[in-house]
Structures are given as C-alpha cells and as structure tokens.
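Quick notes on the structure that follows.
Keep in mind that this is a model prediction, so the values were computed, not measured.
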Amino acid sequence: ASTETIVQAVEACPSGALTYERLDGGPQEIPDSPTSIVPWPNGPLMVRGQVAVRDRHGGVFDSGPRMTLCRCGASDNQPFCNLAHKESGFRDYPRADSVDRNSAECPGDISDTPLD
C-alpha cells in the first residue's frame with residue numbers, strides 16, 4: 001500500500017497500538033488539540049491528544065496521540081482496554097446522552113460539540 005494509505009490506517013487505530021514514524025520527510029502524526037476524552041457507549045474511554053499515562057510515582061508509563069482506557073475493570077492489560085467489557089457485560093449509564101453518541105460506530109462519529 002502507499003505510505004498515505006498506511007498513515008490513514010494507523011491514524012484510524014482507536015487504541016493507539018499502531019504508530020508510525022515517517023522516514024520519507026513526510027509529516028508526522030499531529031495529536032488532536034485540545035486533548036479529549038470520550039466515554040465509548042458500554043466500553044472504554046477513548047482519549048485523543050497529547051496523552052501521557054503516568055505510574056503512581058509520576059513516571060511516564062506510556063504516551064501517544066491516542067489511547068483506549070478501560071472503564072469496566074475487567075481488562076488484564078490495565079489501564080488499557082482489551083475488549084473484556086464485551087464478555088463482562090459492562091454497561092454504562094451516562095449522564096450526558098445524545099443521538100450521535102447512541103448511533104456512533106466509531107469515535108469519529110461522535111461530535112466534538114458539547115452534548116445536549
């Protein structure tokens with residue numbers, strides 16, 4: 001595939017498990033700004049931006065432009081989601097709800113505007 005096709009596929013990875021470093025002089029990935037956290041319906045927290053997860057001593061455990069953080073507590077890869085919420089039957093009860101959130105198929109489908 002072309003470099004641009006690969007870049008698009010990597011940047012679409014919601015978990016941040018895929019990353020790239022351009023060696024051809026092309027632009028590197030630019031993290032979203034401002035940083036945002038979107039609770040995925042009945043699933044993880046989708047974090048976008050300049051993200052750093054720190055350990056209890058303040059050291060950087062992991063960093064990147066995207067992360068998917070566990071909310072259900074069942075992941076064996078804490079603090080990251082491993083899709084265990086699907087088997088555990090995790091259900092959230094959001095205080096903020098919208099048509100966009102309920103019908104979303106991916107994080108990009110959820111509007112950046114405040115929820116009603």
Do you know which two heavy atoms are closest between [X] and [Y], and how far apart they sit?
{"X": "M67", "Y": "V53", "answer": "SD-CG2, 3.4 Å"}
{"X": "A74", "Y": "S88", "answer": "CB-CB, 4.2 Å"}
{"X": "R48", "Y": "P14", "answer": "NH2-O, 2.9 Å"}
{"X": "P27", "Y": "R22", "answer": "O-CG, 3.2 Å"}

Determine whether [X] and [Y] fall in the same hydrophobic cluster, where Ile, Leu, Val, Met, Phe, Trp and Tyr are linked whenever their side-chain heavy atoms lie under 4.5 Å apart.
{"X": "L45", "Y": "V38", "answer": "no"}
{"X": "F80", "Y": "M46", "answer": "no"}
{"X": "F61", "Y": "V47", "answer": "yes"}

When you measure from the side chain of [X] to the backbone N and O of [Y], does any donor-acceptor pair fall under 3.5 Å?
{"X": "S75", "Y": "A84", "answer": "no"}
{"X": "D32", "Y": "T35", "answer": "no"}
{"X": "R66", "Y": "L18", "answer": "yes"}
{"X": "Y20", "Y": "E29", "answer": "yes"}

Taking atom OG of S63 and atom CD of Q50, what is their separation to the nearest 0.5 Å?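 Separation between the atoms: 7.0 Å.
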
State the CG-SG distance between N82 and C72, to the nearest 0.5 angstrom. 7.5 Å

What I'd like to find out is whether the side chain of H85 reaches to under 4.5 Å of the side chain of R71, using heavy atoms alone.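 The answer is no; the side chains never approach within 4.5 Å.
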
Would you say CD of Q28 has more than 12 non-hydrogen atoms from neighbouring residues, nucleotides or ligands within 6.0 angstrom? yes

